[in-house]
Amino acid sequence: MMKKLQVKKILDKLDELYGVDKDGFLHREPWQLLLAIMMSAQSTDAQVDLVLPALYDKYQKVEEMAEADIEELEGMIKTIGLYHSKAKNMKKCCQQLVAEYNGQVPDNREDLMKLAGVGRKTANLFMSDAYGVPEITVDTHVNRISNKLGWAHHSDPLKVELELQEVLPEDHWIRINIQLIRHGRAVCKARKPMCGDCALSNWCEFQLAAVKEV
DNA sequence: ATCCCGAGGG
DNA sequence: CCCTCTGGAT
């Protein structure tokens, strides 16, 4: 199919632009990574990075986070937003890990999504980041850009994920998330997309439609 | 005023 | 489907 060829070209172009090295939240243990991903909801990773060191220093073990004082925890994560529900979920999640999983983080999406504060996006990203399992993590950037490129035609992230599974070979599933996020932050921004500087504009249905209207 | 590596609840 | 949660950056 033509679209698959196009996808590979675009991913190669993004590799060329942004490099192939991976990034991820600072952590020593899996439960810390899971909480960091949880904290990133409706926040920026830069804001999360800022609070992680003090958090890891204060709560060294999952058992300690499971017994965290909520108000104290809220104070430490206040700057990332949504801090009431995040603090509550972080504590409850760690209580579940201790009580039901012997303090370990489960290695499958179904069990991950039973944890407080862990939805499909967080579960998929954790599976990829922690265990290298191929999952398509549809965050706001992947959703927006996939729709603009015509790879997806839905706003529901789950539908977008299923559509992308059809267009993308499995060995690109992790990469698509990393590179589209980078492109979303640098060029294809939600608010003011820099279409004039975009290396993908000749493939982009959004850009083609904009040109046609002028 | 709008968006950020969303989840939970109605 | 909708709404709410939330500080910080632009």
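By convention in this document, chain letters (A, B, ...) are assigned in the order of the sequence lines, proteins followed by strands, and residues within each chain are numbered from 1.
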Review point. Going by heavy atoms closer than 4.0 Å, what residues in residues 41-53 of chain A are next to DNA chain B?
Key: A/A41, A/Q42, A/S43, A/T44, A/D45
Check your understanding: What are the residues of residues 64-81 of chain A, sorted by number, that bring a heavy atom to within less than 4.0 Å of DNA chain B?
Key ->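 Output list: empty, so none.
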Which nucleotide in the set [options] lies at the smallest distance from any side-chain heavy atom of [X]?
X      : options             : result
A/A190 : B/dC4, B/dG6, B/dT2 : B/dC4
A/H141 : B/dA7, B/dC3, B/dC5 : B/dC5
A/L82  : B/dC4, B/dG6, B/dT2 : B/dG6

Checking the side chain of [X] only, and the main-chain atoms of [Y] only, is there a donor and an acceptor separated by less than 3.5 Å?
X      : Y      : result
A/Q47  : A/S43  : no
A/K86  : A/A41  : yes
A/S128 : A/L125 : no
A/W173 : A/L168 : yes
A/Y59  : A/A66  : no

Point to revise | Sugar-phosphate, base or nothing in reach of A/R182, heavy atoms under 4.0 Å | key: nothing
Practice item. Give A/T137 one of three labels, base, sugar-phosphate or nothing, depending on what nucleic acid heavy atoms sit under 4.0 Å from its own. Key: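 Answer is nothing: A/T137 stays at 4.0 Å or more from every strand.
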Euclidean distance, atom [atom1] of residue [X] to atom [atom2] of [N] [Å, nearest integer]:
X      : N     : atom1 : atom2 : value
A/R144 : B/dG6 : CZ    : C1'   : 15 Å
A/K192 : B/dA1 : NZ    : C1'   : 15 Å
A/M113 : B/dG6 : CE    : P     : 15 Å
A/F25  : B/dC5 : CZ    : P     : 8 Å
A/R120 : B/dA7 : CZ    : P     : 11 Å
A/N143 : B/dC4 : CG    : P     : 10 Å
A/K121 : B/dG8 : NZ    : P     : 13 Å
A/E161 : B/dC5 : CD    : P     : 19 Å

Practice item. Over all heavy atoms of both residues, which pair between A/A152 and A/E163 is shortest? Give the atoms and the distance, please. Key: CA-OE1, 3.2 Å
Review point. At their closest point, which heavy atom of A/S146 faces which heavy atom of A/L180, and how far apart are they?
Key: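 Result for this residue pair: OG-CD1, 3.9 Å.
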Measuring only the [atom1] atom in each nucleotide, how far is [N] from [M]? A whole number of Å is fine.
N     : M      : atom1 : answer
C/dC2 : B/dC5  : P     : 24 Å
B/dT2 : C/dT4  : P     : 15 Å
C/dT6 : B/dG10 : P     : 16 Å

**Study point:** First of A/G24 and A/A116 reached from the 5' end of DNA chain B, by closest nucleotide
**Key:**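 This one resolves to A/G24.
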Check your understanding: Which pairs, with at least one residue in residues 111-139 of chain A and sequence neighbours excluded, count as a salt bridge (Lys or Arg N to Asp or Glu O under 4.0 Å)?
Key ->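 Listed by first then second residue: A/R109-A/E135, A/D111-A/K114, A/R120-A/E161.
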**Study point:** salt bridge (Lys or Arg N to Asp or Glu O under 4.0 Å): pairs with one or both residues in residues 43-70 of chain A, sequence neighbours excluded
**Key:** A/D45-A/R185, A/K58-A/E72
Review point. Heavy-atom count around A/N102 CG within 6.0 Å, excluding the residue itself: above 12?
Key: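 Check fails, neighbour count at 12 or below.
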Point to revise | Exceeds 12 heavy-atom contacts within 6.0 angstrom, atom CD of A/E110 | key: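 Enclosed: over 12 neighbouring heavy atoms sit under 6.0 Å from CD of A/E110.
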Point to revise | Closest-nucleotide ordering on DNA chain C, the 5'-leading residue of A/H84 and A/S155 | key: A/S155
Review point. Given B/dC5, is OP1 or OP2 found less than 4.0 Å from the side-chain N or O atoms of A/R185?
Key: yes
**Study point:** Nucleotides bounding contact with chain A, strand DNA chain C, heavy-atom threshold 4.0 Å
**Key:**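 Endpoints of the contacted stretch of DNA chain C: C/dC5 to C/dT10.
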Practice item. Apply the side chain to side chain contact (heavy atoms under 4.5 Å, CB included) test between A/D15 and each candidate in A/I178, A/I10, A/V20; give the one that qualifies. Key: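 Answer to the side chain to side chain contact (heavy atoms under 4.5 Å, CB included) test with A/D15 among A/I178, A/I10, A/V20: A/V20.
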Point to revise | Trace of the side chain to side chain contact (heavy atoms under 4.5 Å, CB included) decision for A/N147 with A/N143 | key: CA-CA 6 Å; A/N147 275 287; A/N143 196 333; 2.9 Å; yes
Point to revise | Steps toward side-chain hydrogen bond (donor to acceptor under 3.5 Å, both in side chains) verdict (A/W151, A/Q6) | key: CA-CA 10 Å; A/W151 297 350; A/Q6 181 206 59; 2.8 Å; yes
Practice item. Could you check which residues of residues 28-39 of chain A get a heavy atom under 4.0 Å from DNA chain C? Sort them by number, please. Key: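 Going residue by residue through residues 28-39 of chain A, none turns out to have a heavy atom under 4.0 Å of DNA chain C.
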Exercise for review: Begin with the C-alpha distance, continue with both residues' side-chain angles, and end with the deciding distance and a verdict on side chain to side chain contact (heavy atoms under 4.5 Å, CB included) for A/M39 and A/I77.
Suggested key: CA-CA 8 Å; A/M39 285 187 274; A/I77 66 169; 4.0 Å; yes
